[in-house]
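Numbered from 1 within each chain, the chains take letters A, B, ... in sequence-line order.
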There are 2 protein chains.
Amino acid sequence: MLPERTVERLSEYRRTLLQSLEEGKTHIFSHELAALHHNTAVQVRRDIMFIGYTSMQRKGYDVRDLIDVIGEILDSEKGLNVAVVGIGNLGRAVTTYFVGKRSKLNIIATFDVDHTKIERVISGVKCYSLSRLKEIVESYEISVAIMTVPATSASEVTSQIVDAGIKGIMNFTTVPLIVPDDCYLEEYDMITSLEKVAYFVKSGQS
Amino acid sequence: MLPERTVERLSEYRRTLLQSLEEGKTHIFSHELAALHHNTAVQVRRDIMFIGYTSMQRKGYDVRDLIDVIGEILDSEKGLNVAVVGIGNLGRAVTTYFVGKRSKLNIIATFDVDHTKIERVISGVKCYSLSRLKEIVESYEISVAIMTVPATSASEVTSQIVDAGIKGIMNFTTVPLIVPDDCYLEEYDMITSLEKVAYFVKSGQS
DNA sequence: AAATTATTGTTAAATAGATCACAATCATGC
DNA sequence: GCATGATTGTGATCTATTTAACAATAATTT
Ligand SMILES: NC(=O)c1ccc[n+]([C@@H]2O[C@H](COP(=O)([O-])OP(=O)(O)OC[C@H]3O[C@@H](n4cnc5c(N)ncnc54)[C@H](O)[C@@H]3O)[C@@H](O)[C@H]2O)c1
Ligand SMILES: NC(=O)c1ccc[n+]([C@@H]2O[C@H](COP(=O)([O-])OP(=O)(O)OC[C@H]3O[C@@H](n4cnc5c(N)ncnc54)[C@H](O)[C@@H]3O)[C@@H](O)[C@H]2O)c1
């Protein structure tokens, strides 16, 4: 079980490493990764220590190997199936964005209540009626949901999602959701993040 | 100077408090706020202690007062001026979303390089040519930028933003940005957050 | 091939953040 | 108006996370 912050940073490192690989870099030093991520070389080495990877001494980390090792930690073998619930403006933008990436996170269904959307393919993914949630979640073994329904229906839809067996939720709505302990919830609120930026700008701290 | 996590939570509390106010609630207990935010009553009290607010004992916190006190901490007097750089799909969605909220964060300009957008009003906000960045940032006293340009131009645009005098950046692109120490940077990456959810779902931890 | 240098991996120390424990407070019921 | 019980505010403690320090290592220079 890795520290939450380490998990976040590993994901960020991988993103950078993939880019480095494209640029033809085969090795990278801890201080290089650190500089690209606003943290320190020690922090990078510590994070990498957690996942038990050891580098070529004095040549830095092998980029390709490190990507693989991070993958073994973060990704599930078969990948992880994800559903988008509420395929409006934000839902579509997010879906398009994810479908464009080749990753182990597969958005394989979207759900809505709007009859003009149901049974259509939107942003490359099929949209189902919310009433079929449980059925589809079970048959496709979906374990994570992205919540992009209007605030007014967020709480109600959440209960249905939890009932359907979803084990992780990324919540884009402004409503704090209530979920049982065995469901991991990530509140993903732009306003909170922007207000944090505002606060630290105001206080003159980096 | 408040702990980073406390700043985040205060923003979240305020969101909830505003909703409670609408529902006609005048007072709220620490354990009620905690239940809505997946944390503990002690944590809530500690956070509120940081900002020096004291409640009506035994009646809970006065919702309206607490909103105001959080506002004094998080908001600047005159509010804070924000620019959106790159007004494509995501930029428009985000701008529409923020403009809808009444808050002290004012999106007062957007920037793009696409001539079909420049000098138009998009999502309720005027779009300027990127070449006028410095001029507009200075005259409107903009201090925070939301980065929603394509990954390919992110680094280059960032230097321009920093030169223009921006002191805080919220980065939606997949490229880790490099900024000087006196500029606060928030990497706001959906993939990182979703991978974190995936990891904790996989490890079976809430 | 010995000395120098840059870099890692890891133990130990420091800092930041969360929780415990409990005295102080005060609305409410008696 | 006194006892009761719920709730707060906070010092002390505990846990998580970051940073410092440095020996070990191996490429590079001499
Ligand atoms: N637009 C943004 O940039 C942005 C940013 C942050 C958060 N948000 C939040 O994300 C949510 C969605 O925003 P949006 O701009 O996409 O709104 P939207 O109205 O465009 O989309 C909402 C979608 O949800 C569907 N829907 C409604 N009730 C439903 C239900 N019970 N079950 C399933 N689907 C249902 C609607 O048919 C619609 O397709 C909102 O809560 C909003 O506050 C939006
Ligand atoms: N769509 C999403 O849900 C999503 C999610 C996460 C991150 N992102 C990231 O956000 C960024 C934007 O995504 P999008 O879907 O809105 O793309 P988009 O192509 O729709 O929008 C990009 C906009 O930036 C403008 N632009 C290009 N070069 C510019 C420059 N040098 N200066 C100013 N403006 C410039 C373009 O004219 C366009 O209007 C991308 O980096 C993407 O990876 C998108």
Would you mind writing out the side-chain donor-acceptor pairs for residues 74-93 of chain A within the sub-3.5 Å range, not counting sequence neighbours?
| residue | atom | partner | partner atom | Å |
| --- | --- | --- | --- | --- |
| A:Asp75 | OD1 | A:Arg14 | NH2 | 3.2 |
| A:Asp75 | OD2 | A:Arg14 | NH1 | 2.8 |
| A:Asn81 | OD1 | A:Asn106 | ND2 | 3.2 |
| A:Asn81 | ND2 | A:Tyr140 | O | 2.9 |
| A:Asn89 | OD1 | A:Arg92 | NH2 | 3.4 |

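B:Thr40 has a side-chain polar atom (N or O) that falls below the 4.0 Å cut-off from OP1 or OP2 of C:dT19. Dashed line: the shortest gap from a side-chain N or O of A:Ser55 to OP1 or OP2 of C:dT8 is not under 4.0 Å.
Rounded to the nearest 0.5 angstrom, A:Arg64 CZ and A:Leu18 CG are separated by 10.5 Å. Put simply, OG on B:Ser153 and CE on B:Met147 are 7.5 Å apart, with the number rounded to the nearest 0.5 Å. Summarising the geometry, atom CG belonging to B:Leu66 is positioned 10.0 Å from atom OG belonging to B:Ser20; distances are rounded to the nearest 0.5 Å.
Mapping A:Val42 and B:Pro3 onto DNA chain C via the closest heavy atom, the residue that lands nearer the 5' end is A:Val42. For A:Arg46 and B:Thr54, each mapped to the nucleotide of DNA chain D holding its nearest heavy atom, the one lying further toward the 5' end belongs to B:Thr54.
Counting to the nearest Å, the C1' atom of C:dT25 and the OH atom of B:Tyr61 are 13 Å from each other. Atom CD in A:Glu4 sits roughly 16 Å away from atom C1' in D:dT18 (whole-Å rounding). At whole-Å resolution of the value, NE2 in B:His38 and P in C:dA18 are 16 Å apart. Rounded to whole Å, the distance from CZ on B:Arg5 to C1' on C:dG17 is 9 Å. Rounded to a whole Å, the CE atom of B:Met49 is 17 Å from the P atom of C:dA24. For the pair A:Asp62 CG and C:dT7 C1', the computed distance is 16 Å after rounding to whole Å. Taking atom CG of residue B:Asp47 and atom P of nucleotide D:dG9, one finds them 12 Å apart after rounding to whole Å. Rounded to a whole Å, the CD atom of A:Gln43 is 13 Å from the C1' atom of C:dA16.
Of the candidate nucleotides D:dT10, C:dT10, D:dT8, C:dT10 has the atom nearest to the side chain of A:Arg45. The side chain of A:Lys59 sits closest to D:dA27 out of D:dT8, D:dC22, D:dA27.
Within residues 6-16 of chain B, no residue places a heavy atom under 4.0 Å from DNA chain D.
With B:Asp65 contributing its side chain and B:Val69 its backbone, the two residues share no donor-acceptor pair below 3.5 Å. For the pair A:Thr16 (side chain) and A:Glu12 (backbone), a donor-acceptor distance under 3.5 Å is present.
Between A:Tyr61 and A:Ser55, the shortest heavy-atom distance links the atoms CD2-CB, 3.4 Å.
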